[in-house]
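Chain identifiers are assigned alphabetically (A, B, ...) following the order of the sequence lines, protein sequences preceding nucleic acid strands; residue numbering begins at 1 within each chain.
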Protein chains: 4
Amino acid sequence: MAGVNKVILLGNLGADPEVKYLEGDKVVANLSLATTEAYNDRNGNRVEQTEWHDLELWDQQAKIAEKYLKKGSQIYVEGKIKSDKWTDEQGQNRKKTKIRVLSFTMVGGRPDGMGNPNPSPPQSDTSSPSSKPTTSMSSGGGPDISLDDADDDLPF
Amino acid sequence: MAGVNKVILLGNLGADPEVKYLEGDKVVANLSLATTEAYNDRNGNRVEQTEWHDLELWDQQAKIAEKYLKKGSQIYVEGKIKSDKWTDEQGQNRKKTKIRVLSFTMVGGRPDGMGNPNPSPPQSDTSSPSSKPTTSMSSGGGPDISLDDADDDLPF
Amino acid sequence: MAGVNKVILLGNLGADPEVKYLEGDKVVANLSLATTEAYNDRNGNRVEQTEWHDLELWDQQAKIAEKYLKKGSQIYVEGKIKSDKWTDEQGQNRKKTKIRVLSFTMVGGRPDGMGNPNPSPPQSDTSSPSSKPTTSMSSGGGPDISLDDADDDLPF
Amino acid sequence: MAGVNKVILLGNLGADPEVKYLEGDKVVANLSLATTEAYNDRNGNRVEQTEWHDLELWDQQAKIAEKYLKKGSQIYVEGKIKSDKWTDEQGQNRKKTKIRVLSFTMVGGRPDGMGNPNPSPPQSDTSSPSSKPTTSMSSGGGPDISLDDADDDLPF
DNA sequence: TTTT
DNA sequence: TTTT
């Protein structure tokens, strides 16, 4: 019975979040996240390998993603592997694997992009702290309450 | 500010849990967990190195630990690093680091020991399923609700 | 570019390892690992959900898996998500996701089954230590050298 | 024997790295890393709690840290808990816990700050890639070769 | 397909 | 102090 199914990712979004509002107040966001690994092959050449991950976020987290994330955003993610199975038109068994995100946090750069249309003075770079979004997990610490279960206020 | 503070341990208890019942229905359990790493040193000799971790569990988890864990139990633990600071009698700043357990699960062997007083027939070995304890996390999956926040029924 | 792509699993094998010896001394093992999560649905009923993971191990680790693991074995795994992409006969883009195992360790029960043919006396239960396999990682500690890079001796 | 002792941190440095060059070409760097967790207490007030971690890096990683990290740098870290024990002047048993870093990667902002004295054109922001430092782990992926074991070239 |  |  006891099992562990944990995924930890740190990477960048390949596109803006795709958000769908479903009936019954449900919201789902799909993100495409790239994790890139670089190493030297045996000829000493630098090689980069990128893996693309399909992320799925629900409800409160989906809303936060919609509001603060966009193409290029760097995020840290915790979640679990979850696969859908079905039979396709050819009668073949199919399986699609995605990451169900349990919590995430933006890292590095301010969430903006739009938010800072005139970054002319160099120091404006770090100036506006602009509260980076974190969904519950924060320091990996708290009880990791799913935002689904939390009240509906944005955490900032 | 976004942060992550996560600890993952898999090891054995060096002693039975120490459980204290505090006022106000609070319960705390302290566990001593060994994680042992083995490697070959540069002379090719096998070396074992054991690290001892002080774990702290609260409330529901503390009760589960008291009920199912004992010296020698092997557990998987997720938690965070948490340190206490104080000034000792010499006026020195002191700091003690422990692991605040957010979830754990027993692995391998049936939780028993006691639970299986007459294991004479070999096959009795696997017979009594005896439900291994898991605290919420299970497959690393669920919303990781802290047991503090859950209702008071044991999860099995 | 910095990225993190990490998977942590704890579960049971649904079948014996499938091992293939390739040309050039390469060995690959495929494992099917179940991680089961249990929770109470909103009607208070106990629900179990099992996720099946396709694991891929290479070379030294594949050999260790072949030698010590079998259907039912409980293992702790660290690895990364890795997907293969191809075009199927219908000209459709296809993608299959698997876990490339970087290290694993057996947990709980002695690796045997076979290994302990006459466990008649109860105490024989714990007697034959029978060295549980671990691939490098051990306490998550060492440099996590891939076994591919290590010499060819089994670590026990 | 099999154990897991793993720490994952994402936070900011409270000070510049302290680097010491020892005899025999050994180098050690000590970092102080803050992970901050924010939550609402039961009165609905926002509370921030910061945990400070003592990190220890060796050799190649120490050099990279010295070169690229400084007060305020945000890093992702993987390592293990490691404690030193000794007897103090009062004859008391003492124990100090630190994190032995196995790999780390800078996140977010380009490593410098200083490094980009004339970022006048807005787009220069993302132009100079300025190779963020990563120590082996990259996408959590590779064999996680300890830099101690790697050749002495900086990985960028 | 595992495990409890 | 555990475990192998």
field: Distance-only donor-acceptor test, Ser32(C) side-chain atoms vs dT1(E) base atoms, 3.5 Å
entry: yes
task: Calculate the interatomic distance between Lys70(C) atom NZ and dT1(E) atom P; express it in whole Å.
output: 19 Å
message: What is the separation between atom CG on Asn12(C) and atom P on dT2(E), rounded to the nearest whole Å?
response: 10 Å
statement: Among dT3(E), dT4(F), dT2(F), the one nearest any side-chain atom of Thr50(B) is dT2(F)
message: Distance check needed: dT1(F) P versus Leu69(B) CG, whole Å only.
response: 21 Å
Residues Thr50(C) and Thr36(C): side-chain donor-acceptor under 3.5 angstrom: yes
field: Closest nucleotide among dT1(E), dT1(F), dT3(E) to the Thr36(C) side chain
entry: dT3(E)
query: Mind checking whether Lys6(B) and Glu78(A) have side chains closer than 4.5 Å, heavy atoms only?
result: yes
- request: Pick base, sugar-phosphate or nothing for Gly11(B), based on heavy-atom distances below 4.0 Å to the nucleic acid.
  value: nothing
statement: Rounded to whole Å, CD1 of Ile75(C) lies from C1' of dT3(E) at a distance of 13 Å
query: Asn93(D) has an atom CG; how far is it from atom C1' of dT1(F), in whole Å?
result: 14 Å
- request: Would you mind telling me which of dT1(E), dT2(E), dT2(F) lies closest to the side-chain atoms of Ala34(C)?
  value: dT2(E)
message: If I take atom CG in residue Asp16(C) and atom P in nucleotide dT2(E), what distance separates them, rounded to the nearest angstrom?
response: 12 Å
message: Stacking between dT2(E) and Trp52(C), yes or no? Criterion: centroid separation under 5.5 angstrom, plane angle under 30 degrees.
response: no
- prompt: Within a strict 4.5 Å, meaning less than it, do heavy atoms of the Val4(D) and Tyr76(B) side chains meet?
  reply: no
- prompt: Looking at the side chain of Glu48(B), which of dT3(F), dT1(F), dT3(E) is the nearest nucleotide?
  reply: dT3(F)
message: Rounding to an integer number of Å, can you tell me how far Met106(B) CE sits from dT3(E) P?
response: 17 Å
- request: Scan Lys96(A), Lys95(A), Arg94(A) and name whichever one has a salt bridge (charged side-chain N to carboxylate O under 4.0 Å, His left out) with Asp88(A).
  value: Arg94(A)
- line: Atom OH of Tyr76(C) and atom C1' of dT2(E) are separated, to the nearest Å, by 19 Å
- line: Sorted by chain and number, sequence neighbours left out, salt bridge (Lys or Arg N to Asp or Glu O under 4.0 Å) with Asp16(C) holds for none
